Amino acid sequence: MRFLDTTQNLACFMQYRRTSLHPKEIIMSDPKNSGLLYGLDQRIPPLQAFFSASQHVLAGLVGIITPPLLIGTALGLDAWLPYLISMSLLASGIGTFLQSNRVWGIGAGMICMQGTSFAFLGVAISGGLWVKAQGGSPEDIMAMLFGVNFVAALVPVIVSRFIDTLKRVFTPVVTGSVIALIGISLIKVSVINWCGGEKAQDFASLSNLALGALTLGVIVVLSCSGNRWLRLSSVVAGIAAGCIAAALSGKFQVHDLGESVFRLPSLFPFGFHFNSTLFIPVVLVSLVCIIEAVGDLTANSLISGKSITDKTFSARLKGGILADGLSCMIAAMLSAFPNTTFAQNNGVIQMTGVASRFVGRYVGVILIMLGLFPPFSEALRQIPTPVLGGATMVMFGCVVTAGIRILSQAPLTRREILIVGLAFSFGLGIESVPASLSHLPPMFENLFGSAATTGGLVAIVLNLLIPGADKPAREEVEEGESAQSL
(Lines give C-alpha, C1' and ligand atoms only; values in the text may rest on other atoms or scores of the structure.)
Protein backbone atom coordinates (compact mmCIF):
# COMPACT_ATOMS: atom_id res chain seq x y z
CA MET A 1 0.00 0.00 0.00
CA ARG A 2 2.78 2.42 0.84
CA PHE A 3 4.44 1.58 -2.50
CA LEU A 4 1.19 2.32 -4.37
CA ASP A 5 0.75 5.62 -2.52
CA THR A 6 4.32 6.60 -3.36
CA THR A 7 3.80 5.68 -7.03
CA GLN A 8 0.59 7.73 -7.19
CA ASN A 9 2.26 10.71 -5.56
CA LEU A 10 5.17 10.49 -8.00
CA ALA A 11 2.79 10.35 -10.97
CA CYS A 12 0.86 13.31 -9.59
CA PHE A 13 4.10 15.25 -9.13
CA MET A 14 5.21 14.50 -12.71
CA GLN A 15 1.85 15.72 -14.01
CA TYR A 16 2.25 18.81 -11.87
CA ARG A 17 5.63 19.51 -13.48
CA ARG A 18 4.13 19.20 -16.94
CA THR A 19 1.07 21.38 -16.32
CA SER A 20 2.27 23.87 -13.67
CA LEU A 21 -0.79 22.97 -11.58
CA HIS A 22 -0.76 22.08 -7.91
CA PRO A 23 -1.24 18.31 -7.38
CA LYS A 24 -4.49 18.87 -5.49
CA GLU A 25 -5.87 20.86 -8.42
CA ILE A 26 -5.06 17.96 -10.76
CA ILE A 27 -7.00 15.57 -8.56
CA MET A 28 -9.94 17.96 -8.43
CA SER A 29 -9.92 18.34 -12.20
CA ASP A 30 -10.88 14.66 -12.46
CA PRO A 31 -14.63 14.52 -13.22
CA LYS A 32 -15.08 11.89 -10.50
CA ASN A 33 -13.80 14.38 -7.91
CA SER A 34 -15.29 17.53 -9.39
CA GLY A 35 -17.99 17.81 -6.70
CA LEU A 36 -20.85 17.59 -9.22
CA LEU A 37 -24.15 16.18 -8.02
CA TYR A 38 -25.17 15.47 -11.62
CA GLY A 39 -22.73 15.15 -14.51
CA LEU A 40 -23.22 16.49 -18.01
CA ASP A 41 -25.07 13.47 -19.43
CA GLN A 42 -26.75 12.28 -16.23
CA ARG A 43 -30.53 12.28 -16.02
CA ILE A 44 -32.00 14.33 -13.18
CA PRO A 45 -35.44 13.93 -11.52
CA PRO A 46 -38.01 16.47 -12.82
CA LEU A 47 -38.54 18.34 -9.55
CA GLN A 48 -34.82 18.75 -8.93
CA ALA A 49 -34.32 19.76 -12.55
CA PHE A 50 -37.03 22.42 -12.19
CA PHE A 51 -35.41 23.89 -9.06
CA SER A 52 -32.01 23.95 -10.73
CA ALA A 53 -33.43 25.49 -13.92
CA SER A 54 -35.26 28.19 -11.94
CA GLN A 55 -31.95 29.35 -10.51
CA HIS A 56 -30.44 29.70 -13.98
CA VAL A 57 -33.48 31.73 -15.06
CA LEU A 58 -33.32 34.02 -12.02
CA ALA A 59 -29.57 34.53 -12.55
CA GLY A 60 -30.02 35.60 -16.18
CA LEU A 61 -33.44 37.25 -16.18
CA VAL A 62 -32.23 40.81 -15.63
CA GLY A 63 -29.57 40.38 -18.30
CA ILE A 64 -32.19 39.29 -20.83
CA ILE A 65 -34.71 42.08 -20.32
CA THR A 66 -32.33 44.99 -19.68
CA PRO A 67 -30.99 45.48 -23.27
CA PRO A 68 -34.47 45.83 -24.86
CA LEU A 69 -35.42 48.22 -22.06
CA LEU A 70 -32.36 50.41 -22.66
CA ILE A 71 -32.59 50.32 -26.46
CA GLY A 72 -36.35 50.85 -26.49
CA THR A 73 -36.15 53.80 -24.09
CA ALA A 74 -33.30 55.44 -26.03
CA LEU A 75 -35.13 55.12 -29.37
CA GLY A 76 -38.58 56.12 -28.15
CA LEU A 77 -40.11 52.65 -28.51
CA ASP A 78 -41.91 52.78 -25.15
CA ALA A 79 -45.22 51.59 -26.62
CA TRP A 80 -43.55 48.41 -27.83
CA LEU A 81 -41.42 47.65 -24.76
CA PRO A 82 -43.69 44.91 -23.29
CA TYR A 83 -43.67 43.13 -26.67
CA LEU A 84 -39.89 43.49 -27.09
CA ILE A 85 -39.29 42.08 -23.59
CA SER A 86 -41.62 39.12 -24.16
CA MET A 87 -39.97 38.28 -27.48
CA SER A 88 -36.52 38.53 -25.91
CA LEU A 89 -37.53 35.94 -23.30
CA LEU A 90 -39.10 33.71 -25.96
CA ALA A 91 -36.04 33.87 -28.23
CA SER A 92 -33.72 33.21 -25.27
CA GLY A 93 -35.77 30.15 -24.35
CA ILE A 94 -35.67 28.73 -27.88
CA GLY A 95 -31.92 29.34 -28.11
CA THR A 96 -31.26 27.73 -24.72
CA PHE A 97 -33.32 24.68 -25.73
CA LEU A 98 -31.28 24.37 -28.94
CA GLN A 99 -28.00 24.54 -27.02
CA SER A 100 -28.92 21.81 -24.54
CA ASN A 101 -30.11 19.21 -27.05
CA ARG A 102 -27.32 19.11 -29.65
CA VAL A 103 -29.46 17.71 -32.49
CA TRP A 104 -28.00 17.48 -36.03
CA GLY A 105 -24.82 19.13 -34.79
CA ILE A 106 -26.71 22.20 -33.53
CA GLY A 107 -25.96 23.12 -29.93
CA ALA A 108 -23.17 22.48 -27.45
CA GLY A 109 -25.06 19.84 -25.50
CA MET A 110 -24.56 21.75 -22.22
CA ILE A 111 -26.48 24.17 -20.01
CA CYS A 112 -25.74 27.19 -22.20
CA MET A 113 -28.27 29.84 -21.37
CA GLN A 114 -28.94 32.22 -24.25
CA GLY A 115 -29.73 35.85 -23.48
CA THR A 116 -29.89 39.27 -25.08
CA SER A 117 -26.38 40.54 -25.74
CA PHE A 118 -25.25 43.83 -24.20
CA ALA A 119 -22.53 44.09 -26.86
CA PHE A 120 -25.06 45.28 -29.46
CA LEU A 121 -26.39 48.15 -27.33
CA GLY A 122 -24.21 50.84 -28.91
CA VAL A 123 -24.67 49.83 -32.54
CA ALA A 124 -28.41 49.27 -32.07
CA ILE A 125 -28.98 52.68 -30.50
CA SER A 126 -26.77 54.54 -33.00
CA GLY A 127 -28.39 52.68 -35.92
CA GLY A 128 -31.88 53.42 -34.65
CA LEU A 129 -31.08 57.10 -34.17
CA TRP A 130 -29.76 57.21 -37.76
CA VAL A 131 -33.05 55.79 -39.09
CA LYS A 132 -34.96 58.24 -36.91
CA ALA A 133 -32.91 61.15 -38.30
CA GLN A 134 -33.92 60.05 -41.80
CA GLY A 135 -37.57 60.52 -40.81
CA GLY A 136 -38.25 56.88 -39.98
CA SER A 137 -41.09 55.85 -37.68
CA PRO A 138 -40.65 53.47 -34.70
CA GLU A 139 -41.80 50.64 -36.97
CA ASP A 140 -39.16 51.62 -39.57
CA ILE A 141 -36.47 51.63 -36.87
CA MET A 142 -37.36 48.12 -35.74
CA ALA A 143 -37.71 46.81 -39.30
CA MET A 144 -34.20 48.06 -40.09
CA LEU A 145 -32.57 46.85 -36.87
CA PHE A 146 -34.06 43.37 -36.97
CA GLY A 147 -33.42 43.04 -40.71
CA VAL A 148 -29.74 43.89 -40.30
CA ASN A 149 -29.46 41.61 -37.25
CA PHE A 150 -30.99 38.72 -39.19
CA VAL A 151 -28.40 38.95 -41.95
CA ALA A 152 -25.54 39.51 -39.48
CA ALA A 153 -26.55 36.30 -37.66
CA LEU A 154 -25.07 34.43 -40.62
CA VAL A 155 -21.59 35.43 -39.36
CA PRO A 156 -21.48 33.00 -36.38
CA VAL A 157 -23.18 30.34 -38.53
CA ILE A 158 -20.36 30.59 -41.09
CA VAL A 159 -17.57 30.94 -38.51
CA SER A 160 -18.80 27.81 -36.70
CA ARG A 161 -17.83 25.74 -39.75
CA PHE A 162 -14.19 26.85 -39.40
CA ILE A 163 -13.75 26.64 -35.63
CA ASP A 164 -11.14 23.88 -35.94
CA THR A 165 -8.90 26.10 -38.06
CA LEU A 166 -9.27 28.96 -35.55
CA LYS A 167 -7.86 27.03 -32.60
CA ARG A 168 -4.64 28.98 -32.97
CA VAL A 169 -6.67 32.09 -32.17
CA PHE A 170 -8.91 30.70 -29.40
CA THR A 171 -6.17 29.44 -27.07
CA PRO A 172 -6.57 29.06 -23.27
CA VAL A 173 -4.75 32.38 -22.84
CA VAL A 174 -7.36 34.18 -24.98
CA THR A 175 -10.49 32.41 -23.76
CA GLY A 176 -9.39 32.45 -20.11
CA SER A 177 -8.67 36.18 -20.25
CA VAL A 178 -12.05 36.89 -21.87
CA ILE A 179 -14.01 34.86 -19.30
CA ALA A 180 -12.16 36.42 -16.36
CA LEU A 181 -12.79 39.92 -17.75
CA ILE A 182 -16.48 39.12 -18.32
CA GLY A 183 -16.75 38.01 -14.69
CA ILE A 184 -15.01 41.13 -13.40
CA SER A 185 -17.33 43.35 -15.47
CA LEU A 186 -20.37 41.46 -14.18
CA ILE A 187 -19.22 41.89 -10.58
CA LYS A 188 -19.37 45.65 -11.10
CA VAL A 189 -22.98 45.32 -12.32
CA SER A 190 -23.79 43.10 -9.34
CA VAL A 191 -22.44 45.65 -6.85
CA ILE A 192 -24.44 48.46 -8.49
CA ASN A 193 -27.61 46.35 -8.27
CA TRP A 194 -26.82 45.44 -4.66
CA CYS A 195 -26.73 49.15 -3.84
CA GLY A 196 -30.16 49.61 -5.42
CA GLY A 197 -29.48 50.33 -9.09
CA GLU A 198 -27.57 53.03 -10.90
CA LYS A 199 -30.30 55.72 -10.67
CA ALA A 200 -31.78 54.72 -7.32
CA GLN A 201 -32.51 57.58 -4.94
CA ASP A 202 -31.55 55.41 -1.97
CA PHE A 203 -28.35 54.15 -3.61
CA ALA A 204 -26.13 52.23 -1.15
CA SER A 205 -28.58 52.78 1.71
CA LEU A 206 -28.26 50.47 4.70
CA SER A 207 -31.59 48.81 3.86
CA ASN A 208 -30.42 47.97 0.32
CA LEU A 209 -27.10 46.64 1.56
CA ALA A 210 -28.88 44.54 4.22
CA LEU A 211 -31.25 43.00 1.64
CA GLY A 212 -28.36 42.03 -0.62
CA ALA A 213 -26.34 40.68 2.30
CA LEU A 214 -29.27 38.56 3.54
CA THR A 215 -29.81 37.10 0.06
CA LEU A 216 -26.11 36.37 -0.40
CA GLY A 217 -25.79 34.88 3.09
CA VAL A 218 -28.66 32.43 2.58
CA ILE A 219 -27.27 31.33 -0.79
CA VAL A 220 -23.76 30.75 0.59
CA VAL A 221 -24.98 28.82 3.64
CA LEU A 222 -27.26 26.54 1.59
CA SER A 223 -24.63 26.05 -1.11
CA CYS A 224 -22.22 24.72 1.54
CA SER A 225 -24.83 22.33 2.90
CA GLY A 226 -24.39 18.59 2.53
CA ASN A 227 -28.11 18.22 1.79
CA ARG A 228 -28.70 17.83 -1.95
CA TRP A 229 -32.07 19.61 -1.91
CA LEU A 230 -30.77 22.62 0.00
CA ARG A 231 -27.86 22.96 -2.42
CA LEU A 232 -30.15 22.62 -5.46
CA SER A 233 -32.51 25.33 -4.21
CA SER A 234 -29.91 27.71 -2.74
CA VAL A 235 -30.42 30.57 -5.22
CA VAL A 236 -34.23 30.30 -5.23
CA ALA A 237 -34.30 30.17 -1.41
CA GLY A 238 -31.92 33.14 -1.14
CA ILE A 239 -33.99 35.30 -3.50
CA ALA A 240 -37.20 34.23 -1.74
CA ALA A 241 -35.72 35.21 1.63
CA GLY A 242 -34.64 38.56 0.21
CA CYS A 243 -38.10 39.21 -1.29
CA ILE A 244 -39.85 38.34 2.00
CA ALA A 245 -37.57 40.70 3.91
CA ALA A 246 -38.15 43.42 1.29
CA ALA A 247 -41.93 42.95 1.51
CA LEU A 248 -41.87 43.16 5.31
CA SER A 249 -39.88 46.41 5.08
CA GLY A 250 -42.21 47.85 2.43
CA LYS A 251 -39.69 47.78 -0.42
CA PHE A 252 -41.38 45.05 -2.49
CA GLN A 253 -44.94 45.04 -3.81
CA VAL A 254 -46.02 43.20 -6.97
CA HIS A 255 -48.32 45.43 -9.02
CA ASP A 256 -49.42 46.20 -12.59
CA LEU A 257 -48.77 42.83 -14.26
CA GLY A 258 -50.08 44.07 -17.59
CA GLU A 259 -53.35 43.54 -19.42
CA SER A 260 -52.54 40.68 -21.82
CA VAL A 261 -52.37 37.20 -20.28
CA PHE A 262 -51.04 35.48 -23.43
CA ARG A 263 -48.93 36.94 -26.22
CA LEU A 264 -48.70 35.10 -29.55
CA PRO A 265 -45.52 35.86 -31.54
CA SER A 266 -45.36 36.66 -35.24
CA LEU A 267 -42.47 36.72 -37.71
CA PHE A 268 -41.09 40.13 -38.73
CA PRO A 269 -44.22 42.00 -37.53
CA PHE A 270 -42.64 45.36 -38.42
CA GLY A 271 -41.34 44.33 -41.85
CA PHE A 272 -37.80 43.70 -43.10
CA HIS A 273 -35.30 46.37 -44.18
CA PHE A 274 -31.55 46.25 -44.73
CA ASN A 275 -28.79 48.85 -44.90
CA SER A 276 -25.13 48.04 -45.58
CA THR A 277 -23.91 51.06 -43.59
CA LEU A 278 -25.50 49.69 -40.42
CA PHE A 279 -24.51 46.14 -41.32
CA ILE A 280 -20.71 46.58 -41.02
CA PRO A 281 -20.55 47.60 -37.32
CA VAL A 282 -23.07 44.87 -36.43
CA VAL A 283 -20.83 42.28 -38.13
CA LEU A 284 -17.82 43.49 -36.16
CA VAL A 285 -19.73 43.18 -32.89
CA SER A 286 -20.88 39.70 -33.97
CA LEU A 287 -17.24 38.65 -34.36
CA VAL A 288 -16.45 39.97 -30.89
CA CYS A 289 -19.42 38.03 -29.45
CA ILE A 290 -18.01 34.85 -30.99
CA ILE A 291 -14.81 35.35 -28.95
CA GLU A 292 -16.87 35.73 -25.77
CA ALA A 293 -19.03 32.71 -26.65
CA VAL A 294 -15.94 30.53 -27.16
CA GLY A 295 -14.73 31.54 -23.71
CA ASP A 296 -18.12 30.82 -22.13
CA LEU A 297 -18.38 27.41 -23.81
CA THR A 298 -14.83 26.52 -22.76
CA ALA A 299 -15.54 27.46 -19.14
CA ASN A 300 -18.82 25.55 -19.19
CA SER A 301 -17.13 22.39 -20.46
CA LEU A 302 -14.37 22.67 -17.86
CA ILE A 303 -16.83 23.23 -15.00
CA SER A 304 -18.89 20.28 -16.23
CA GLY A 305 -15.86 18.03 -15.82
CA LYS A 306 -15.18 17.56 -19.53
CA SER A 307 -11.97 17.92 -21.52
CA ILE A 308 -11.32 21.10 -23.47
CA THR A 309 -8.69 19.61 -25.77
CA ASP A 310 -10.31 16.57 -27.45
CA LYS A 311 -12.43 16.18 -30.60
CA THR A 312 -15.64 16.06 -28.57
CA PHE A 313 -14.95 19.55 -27.28
CA SER A 314 -14.29 20.79 -30.82
CA ALA A 315 -17.69 19.40 -31.83
CA ARG A 316 -19.31 21.11 -28.83
CA LEU A 317 -17.65 24.38 -29.74
CA LYS A 318 -18.76 24.13 -33.36
CA GLY A 319 -22.33 23.26 -32.38
CA GLY A 320 -22.44 25.98 -29.73
CA ILE A 321 -21.38 28.77 -32.08
CA LEU A 322 -23.79 27.46 -34.73
CA ALA A 323 -26.63 27.51 -32.19
CA ASP A 324 -25.62 31.06 -31.23
CA GLY A 325 -26.07 32.16 -34.85
CA LEU A 326 -29.39 30.37 -35.29
CA SER A 327 -30.57 31.82 -31.98
CA CYS A 328 -29.78 35.32 -33.27
CA MET A 329 -31.70 34.61 -36.48
CA ILE A 330 -34.73 33.40 -34.52
CA ALA A 331 -34.47 36.47 -32.27
CA ALA A 332 -34.48 38.81 -35.28
CA MET A 333 -37.52 37.06 -36.78
CA LEU A 334 -39.40 37.42 -33.48
CA SER A 335 -38.36 41.10 -33.13
CA ALA A 336 -35.83 40.52 -30.36
CA PHE A 337 -32.27 41.79 -30.25
CA PRO A 338 -29.31 39.43 -30.84
CA ASN A 339 -28.63 36.63 -28.37
CA THR A 340 -25.37 35.34 -26.98
CA THR A 341 -24.23 32.62 -24.58
CA PHE A 342 -24.44 33.94 -21.02
CA ALA A 343 -21.64 33.45 -18.50
CA GLN A 344 -23.94 33.66 -15.48
CA ASN A 345 -25.03 30.04 -15.66
CA ASN A 346 -21.43 28.85 -15.27
CA GLY A 347 -21.51 30.27 -11.76
CA VAL A 348 -24.83 28.53 -11.04
CA ILE A 349 -23.37 25.17 -12.16
CA GLN A 350 -20.44 25.61 -9.78
CA MET A 351 -22.69 26.55 -6.88
CA THR A 352 -25.34 23.85 -7.29
CA GLY A 353 -23.11 21.07 -8.63
CA VAL A 354 -25.65 20.33 -11.38
CA ALA A 355 -24.15 20.19 -14.88
CA SER A 356 -26.79 17.91 -16.44
CA ARG A 357 -27.60 19.18 -19.93
CA PHE A 358 -31.20 18.07 -19.40
CA VAL A 359 -31.62 21.02 -17.03
CA GLY A 360 -31.02 23.24 -20.07
CA ARG A 361 -34.27 21.96 -21.55
CA TYR A 362 -36.14 23.05 -18.45
CA VAL A 363 -34.45 26.47 -18.59
CA GLY A 364 -35.53 26.84 -22.22
CA VAL A 365 -39.13 25.85 -21.51
CA ILE A 366 -39.39 28.21 -18.51
CA LEU A 367 -38.09 31.14 -20.59
CA ILE A 368 -40.48 30.29 -23.43
CA MET A 369 -43.41 30.25 -20.99
CA LEU A 370 -42.30 33.59 -19.53
CA GLY A 371 -42.26 35.03 -23.05
CA LEU A 372 -45.70 33.70 -23.95
CA PHE A 373 -47.29 34.67 -20.62
CA PRO A 374 -46.16 38.27 -19.83
CA PRO A 375 -47.63 38.48 -16.27
CA PHE A 376 -45.11 35.90 -15.03
CA SER A 377 -42.12 37.72 -16.48
CA GLU A 378 -43.46 41.04 -15.21
CA ALA A 379 -43.75 39.64 -11.69
CA LEU A 380 -40.16 38.38 -11.79
CA ARG A 381 -39.00 41.70 -13.21
CA GLN A 382 -40.26 43.44 -10.08
CA ILE A 383 -37.93 41.50 -7.75
CA PRO A 384 -36.02 44.17 -5.76
CA THR A 385 -32.73 45.10 -7.39
CA PRO A 386 -30.65 44.72 -4.19
CA VAL A 387 -31.91 41.13 -3.86
CA LEU A 388 -30.77 40.30 -7.39
CA GLY A 389 -27.46 42.07 -6.75
CA GLY A 390 -26.74 39.96 -3.69
CA ALA A 391 -27.77 36.77 -5.49
CA THR A 392 -25.56 37.36 -8.50
CA MET A 393 -22.47 38.43 -6.55
CA VAL A 394 -21.25 34.91 -5.83
CA MET A 395 -22.21 33.64 -9.30
CA PHE A 396 -20.20 36.30 -11.08
CA GLY A 397 -17.26 35.63 -8.78
CA CYS A 398 -17.43 32.01 -9.92
CA VAL A 399 -17.23 33.22 -13.53
CA VAL A 400 -13.90 34.90 -12.75
CA THR A 401 -12.72 31.67 -11.15
CA ALA A 402 -13.67 29.76 -14.30
CA GLY A 403 -11.51 32.11 -16.36
CA ILE A 404 -8.56 31.58 -14.02
CA ARG A 405 -9.01 27.80 -14.29
CA ILE A 406 -8.85 28.02 -18.09
CA LEU A 407 -5.68 30.13 -17.90
CA SER A 408 -4.09 27.52 -15.66
CA GLN A 409 -4.63 24.72 -18.18
CA ALA A 410 -1.27 25.45 -19.85
CA PRO A 411 2.11 26.47 -18.40
CA LEU A 412 2.38 30.23 -18.00
CA THR A 413 5.55 31.32 -19.78
CA ARG A 414 6.86 34.88 -19.89
CA ARG A 415 5.01 35.19 -23.20
CA GLU A 416 1.64 34.14 -21.74
CA ILE A 417 2.13 36.33 -18.66
CA LEU A 418 2.79 39.31 -20.92
CA ILE A 419 -0.30 38.60 -23.04
CA VAL A 420 -2.60 38.11 -20.04
CA GLY A 421 -1.18 41.17 -18.26
CA LEU A 422 -1.72 43.47 -21.24
CA ALA A 423 -5.16 42.03 -21.96
CA PHE A 424 -6.25 42.80 -18.39
CA SER A 425 -4.56 46.22 -18.43
CA PHE A 426 -6.25 47.38 -21.62
CA GLY A 427 -9.60 45.73 -20.86
CA LEU A 428 -10.01 47.01 -17.30
CA GLY A 429 -8.29 50.31 -18.08
CA ILE A 430 -10.66 51.32 -20.88
CA GLU A 431 -13.74 50.13 -19.00
CA SER A 432 -12.64 52.10 -15.92
CA VAL A 433 -11.92 55.25 -17.96
CA PRO A 434 -14.37 55.22 -20.91
CA ALA A 435 -13.46 58.84 -21.66
CA SER A 436 -10.17 57.54 -23.09
CA LEU A 437 -12.10 56.68 -26.28
CA SER A 438 -14.04 59.94 -26.45
CA HIS A 439 -12.03 61.36 -29.39
CA LEU A 440 -12.30 58.22 -31.51
CA PRO A 441 -15.13 57.56 -34.01
CA PRO A 442 -18.36 56.28 -32.41
CA MET A 443 -17.85 52.84 -33.96
CA PHE A 444 -14.63 52.38 -31.96
CA GLU A 445 -16.39 53.43 -28.77
CA ASN A 446 -19.08 50.80 -29.42
CA LEU A 447 -16.56 48.05 -30.18
CA PHE A 448 -14.05 48.67 -27.39
CA GLY A 449 -16.40 49.84 -24.66
CA SER A 450 -16.31 46.61 -22.64
CA ALA A 451 -13.39 44.99 -20.84
CA ALA A 452 -14.01 41.57 -22.42
CA THR A 453 -14.04 42.97 -25.96
CA THR A 454 -10.92 45.08 -25.59
CA GLY A 455 -9.00 42.51 -23.56
CA GLY A 456 -10.01 39.69 -25.90
CA LEU A 457 -8.88 41.53 -29.03
CA VAL A 458 -5.59 42.52 -27.39
CA ALA A 459 -5.00 38.90 -26.34
CA ILE A 460 -5.73 37.62 -29.85
CA VAL A 461 -3.41 40.10 -31.57
CA LEU A 462 -0.54 39.53 -29.13
CA ASN A 463 -1.04 35.76 -29.24
CA LEU A 464 -0.59 35.85 -33.03
CA LEU A 465 2.31 38.32 -33.09
CA ILE A 466 4.51 37.32 -30.14
CA PRO A 467 6.63 34.22 -30.89
CA GLY A 468 6.29 31.22 -28.57
CA ALA A 469 8.72 28.44 -27.54
CA ASP A 470 9.48 29.90 -24.13
CA LYS A 471 10.09 28.16 -20.82
CA PRO A 472 7.43 28.41 -18.11
CA ALA A 473 8.11 31.29 -15.75
CA ARG A 474 8.02 28.91 -12.77
CA GLU A 475 10.76 26.74 -14.27
CA GLU A 476 12.93 29.82 -14.89
CA VAL A 477 12.62 30.80 -11.23
CA GLU A 478 13.48 27.27 -10.08
CA GLU A 479 16.49 27.12 -12.42
CA GLY A 480 17.69 30.48 -11.09
CA GLU A 481 17.37 29.27 -7.51
CA SER A 482 19.29 26.07 -8.36
CA ALA A 483 22.08 28.08 -9.97
CA GLN A 484 22.35 30.31 -6.90
CA SER A 485 22.56 27.28 -4.57
CA LEU A 486 25.43 25.88 -6.63
Side-chain angles (χ1 to χ4, degrees), residues 12-29 166-188 288 290-303 307-309 313 317 343 346 350 396-433 436 448 450-485:
C12 191
F13 177 75
M14 293 303 293
Q15 187 177 359
Y16 157 68
R17 293 289 297 173
R18 287 194 300 270
T19 61
S20 294
L21 290 173
H22 192 278
K24 289 183 179 179
E25 294 176 346
I26 295 170
I27 295 172
M28 288 302 294
S29 67
L166 295 175
K167 281 186 176 180
R168 186 165 173 259
V169 175
F170 300 123
T171 63
V173 170
V174 174
T175 54
S177 298
V178 169
I179 286 297
L181 287 169
I182 289 174
I184 293 171
S185 299
L186 290 173
I187 288 174
K188 178 182 176 182
V288 170
I290 292 173
I291 300 172
E292 296 182 6
V294 169
D296 289 330
L297 294 169
T298 304
N300 197 316
S301 183
L302 191 64
I303 293 168
S307 172
I308 59 173
T309 57
F313 173 69
L317 210 56
N346 292 335
Q350 284 186 291
F396 297 162
C398 290
V399 174
V400 179
T401 306
I404 295 173
R405 287 182 64 187
I406 295 173
L407 285 171
S408 66
Q409 291 300 298
L412 284 178
T413 66
R414 287 183 300 175
R415 173 182 179 273
E416 275 70 37
I417 291 174
L418 180 63
I419 293 173
V420 174
L422 288 174
F424 272 71
S425 296
F426 276 94
L428 297 177
I430 290 179
E431 185 170 272
S432 301
V433 190
S436 59
F448 300 105
S450 72
T453 301
T454 305
L457 291 175
V458 169
I460 287 176
V461 172
L462 293 179
N463 189 50
L464 293 174
L465 294 180
I466 300 178
D470 198 12
K471 286 186 178 181
R474 185 179 296 177
E475 288 188 12
E476 291 182 352
V477 172
E478 291 175 352
E479 287 181 1
E481 291 176 350
S482 299
Q484 288 180 2
S485 63

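Model, not experiment: these values are computed from the prediction. Positions are given from 1 along the sequence.
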*Using the test side-chain hydrogen bond (donor to acceptor under 3.5 Å, both in side chains), find all partners of S436 that sit at least two apart in sequence or belong to another chain.*
none
_Reported CD1-to-CG distance for the pair I404 and L407, which is rounded to 0.5 angstrom_ = 7.5 Å
*Measure the spacing between CG of N346 and CD1 of I303 and express it to the nearest 0.5 Å.*
4.0 Å
*Taking side chain as C-beta onward, heavy atoms only, is I291 less than 4.5 Å from L457?*
yes
*Out of curiosity, R414 CZ to I466 CD1, how far, rounded to the nearest 0.5 Å?*
11.5 Å
_If we ignore hydrogens and angles and just use 3.5 Å, is the side chain of S301 paired with the main-chain N or O of L297 as donor and acceptor?_
no
*State, to 0.1 Å, how close T175 and T298 come at their nearest heavy-atom pair, and which atoms those are.*
CG2-OG1, 4.2 Å
Report, one line per pair, each donor and acceptor closer than 3.5 Å where one atom sits in a side chain of residues 418-425; sequence neighbours left out.
unit_1: S425; atom_1: OG; unit_2: G421; atom_2: O; d: 2.8

*asked:* Going by side-chain hydrogen bond (donor to acceptor under 3.5 Å, both in side chains), name the residues that satisfy it together with S185, two or more places apart in sequence or in a different chain.
replied: E431
*Taking R415 for its side chain and P467 for its backbone only, find out whether a donor-acceptor pair lies under 3.5 Å.*
yes
